Each structure stands twice: as structure tokens, then as C-alpha cells.
There are 2 protein chains.
Amino acid sequence: MQEESVIEIEEVANILKLLGDKTRLTIVKILDSHDCCVCEFVEMFKTSQPAISQHVRKLKDKGIVKESRRGQWIIYSLNKESEYYPFLQDVLKHLPDQGYRLDELEKQGLRISCCE
Amino acid sequence: MQEESVIEIEEVANILKLLGDKTRLTIVKILDSHDCCVCEFVEMFKTSQPAISQHVRKLKDKGIVKESRRGQWIIYSLNKESEYYPFLQDVLKHLPDQGYRLDELEKQGLRISCCE
DNA sequence: TACTTATATAATAATACACTTATATATCTA
DNA sequence: TAGATATATAAGTGTATTATTATATAAGTA
């Protein structure tokens, strides 16, 4: 009796490797409830902009996230059409909510115009 | 509304990194339905014995698998008492059954005395 | 006890990864 | 159009990871 979403084992390994990084995993968990732009992640993780760009690119290359431009900003969101989306949900449900990170940004006035 | 099994995000990242390797992921999937010894994995993966030993050691270090000695053999099995076990199940259910690997061993007469 | 089988550990080498710095591109604004 | 802001890409570097070879340990067997 198989689950609705069965993926080739090597592909799952690749997805897990991708998610097996604290920064990327947290990005994905956040995107599961709010779309965000790169500048917000840079603030949250206190890391460099290129580092974040490289992380989201890897996620985009696998089709896990998608981007859409809004003016200067590029808004990232989860790609709900991804074949991996059901799998992803089964992983993310085990993670504590990361909403506090956005709340902190808000408090610092850093949740700026780019995303509402 | 949270799932019964919520794990600290950094720990999940570490577990995912651990599972983000084709060999280890397949080992875990197989152990989900049958206990196995190292020699069987060596045959299945056509790799060296030390390579397999090092993989299972990593899984053991995280408490995902446990071992029990039976004569010369060390039988590995999933540790159902692990705090990660429910999480693991949610990952494994997306993987295709690996029973054919054991069937192949059987056919080759390599599923020897160590495990029944 | 000597030999064999099963497994673990250590050292090493090749590769992959994630970060940094520097630079390029794209959009917005004065 | 010039400058500012947001993001991407490229190159380089240090670290982590995985496999290999060699050796150690532990149990079974003649």
C-alpha cells in the first residue's frame, strides 16, 4: 500500500540533501506560510546577500521555490505545483513554526515595503 | 495546530543531511521492513565493507538505527524508540519499496545464514 | 591455537559544499 | 541620465564529506 506521492529514491536523496542545511530548511519553512524577498532573509539569518541568493537558487533549481519580480524586489514563494510539494509538507509539519522570525523583523521595522 | 512530533529545526536539518545520501537513505528504507547485516548491504550496493560500516555508524550515532550482535554478524534494525522515528516514517512513505533488492540477493543465494 | 569470516576504525585522498569578496544586472528615483 | 537599491553571478578559499586502503577486533571453526 503506497502513499499518493512516491518519488524515485535518488531524487528524494537529492531533495533531502538540499533540505539538510539549516538555512535552506528554515527558508522553506518560512515560505510555507509567507512569501519573502531576499533582503528579509539576509536580515533574519545575519548573513551575506550572496549566501542567501545562492541558497534560494539551489531551491529554485529543484523547483521547490519559485520567484516573481515586484519592482526591484524578487519575491520567493513555495512552488505548490512541484511534484515534491506533498513530500515537502510531510517534512515541514515536523518543524516548529518560524513566525517569530517575521515578527522580529516587524519589530525592528525591517519588514519593509517589499513584502506585505 | 502542530503535529505530534515537532523537532528543533537544526536537528531536523542534521537528520535530513544524514538521509540526503542515496546509500544511507536506501539502507534506512530497507531496514524499515527487514533487519539486515553489513554483508548484505555490501552485496546490494556493490561497494566496500568499510564504506557501509561508516554509513551505518553515522545512522547509529544519531540513534536512527540500532545494532545487535548475532554470532559473527551484527544485525542492524531501525530504532523504533528514536524520537525521530515518526518523522522518519513520514519521509520513508514517499519512497518506492526496496524489497526487490532483498529478492535479488535471495536469487543469488547471498541472503545467507546471518539474517532470516 | 591457527585460520577464516564479519565488522570496525584510522589515515588519506578526491570531491563537494558554503561562505566570502568582487562584480554584473535590473529596477527605481531624483 | 546618474545614483541608489535589490539581487545574481563568478572566482576563490576553507571545511566537510565520502570513498579507498590498510589494519584492528571479535567471533566461529578446524
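In this text, all values refer to a predicted model and were calculated from it rather than measured experimentally. Naming convention: chains lettered A, B, ... in sequence-line order (proteins, then strands); numbering from 1 in each chain.
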Strictly distance-based, threshold 3.5 Å: is any side-chain N or O of B/Gln72 a donor or acceptor partner for the main-chain N or O of B/Arg70? no
Starting from C1' on C/dT20, measure out to CD1 on A/Ile52 and report it in whole angstrom. 14 Å
I want to check something: taking the side chain as every heavy atom from C-beta on, are A/Leu16 and A/Phe87 in contact at a cut-off of under 4.5 Å? yes
Separation of C/dC17 P from A/Asp21 CG (nearest whole Å): 11 Å
Heavy-atom check, side chain of A/Leu78 versus side chain of A/Val28, under 4.5 Å: yes
Atom CD of B/Glu43 to atom C1' of C/dA6: distance rounded to whole Å? 13 Å
Send over the distance from A/Phe41 CZ to C/dA18 P, rounded to a whole Å. 17 Å
How many angstroms lie between CG in A/Leu19 and CG in A/Leu92, if you round to the nearest 0.5 Å? 7.5 Å
Side chain of A/Ser53: nearest nucleotide among C/dC28, C/dT20, D/dT9? D/dT9
Judged by nearest nucleotide, the residue sitting upstream toward the 5' end of DNA chain D, B/Arg69 or B/Pro50, is B/Pro50
Candidate list A/Leu18, A/Ile64, A/Val65, test side-chain contact (heavy atoms from CB on, under 4.5 Å), partner A/Arg24, passing option: A/Leu18
Under-4.0 Å side-chain N/O to phosphate OP1/OP2 contact, A/Thr47 with C/dT20: yes
Report which part of the nucleic acid A/Phe45 touches: base, sugar-phosphate, or nothing (heavy-atom distance under 4.0 Å, all strands). nothing
Looking only at the side chain of A/Cys37 (C-beta and beyond, no hydrogens), which of the listed nucleotides D/dT18, C/dT27, D/dT7 gets closest? D/dT7
How far does CD of A/Glu40 sit from OH of A/Tyr76, to the nearest 0.5 angstrom? 13.0 Å
Within the structure, does a side-chain N or O atom of A/Ser48 lie under 4.0 Å from either OP1 or OP2 of C/dC19? no
Measure from CD on B/Glu40 to C1' on C/dT7 and round the result to the nearest Å. 14 Å
With heavy-atom distances below 4.5 Å as the criterion, would you say the side chains of A/Glu67 and A/Val56 are in contact? no
Just how far, in rounded Å, is C1' of D/dT7 from CD of A/Glu67? 10 Å
Sorted by number, residues from residues 10-20 of chain B placing a heavy atom under 4.0 Å from DNA chain D are B/Lys17
When you get a sec, tell me which of D/dA8, C/dT5, C/dA8 is the closest nucleotide to the side chain of B/Gln49? C/dA8
With distance as the sole criterion, is a donor-acceptor pair present between the side chains of A/Glu81 and A/Tyr85 under 3.5 Å? no
Grab the CG-C1' distance between A/Leu25 and C/dA18 for me, whole Å please. 16 Å
Nearest 0.5 angstrom please: A/Leu102 CG to A/Asp97 CG, how far? 9.0 Å
So how far off straight is the helix from C/dT1-D/dA30 to C/dA30-D/dT1, going by the axes through five pairs at either end, to 10°? 10°
Strictly below 4.0 Å, heavy-atom distances to any atom of DNA chain D: list the hits from residues 54-65 of chain A, or just say none. A/Gln54, A/Arg57
Rounded to the nearest 0.5 Å, what separation is found between the OG1 atom of B/Thr23 and the CZ atom of B/Phe45? 5.5 Å
May I ask you to decide if A/Gly63's main-chain N or O and A/Lys66's side chain share a donor-acceptor pair within less than 3.5 Å? no
Charged N to carboxylate O below 4.0 Å: is that the case for B/Asp21 and B/Lys58? no
Quickly work out the A/Gln72 CD to D/dG3 C1' distance and round it to whole Å. 12 Å
Between A/Tyr76 and D/dA6, is there a side-chain N or O to OP1/OP2 distance below 4.0 Å? no
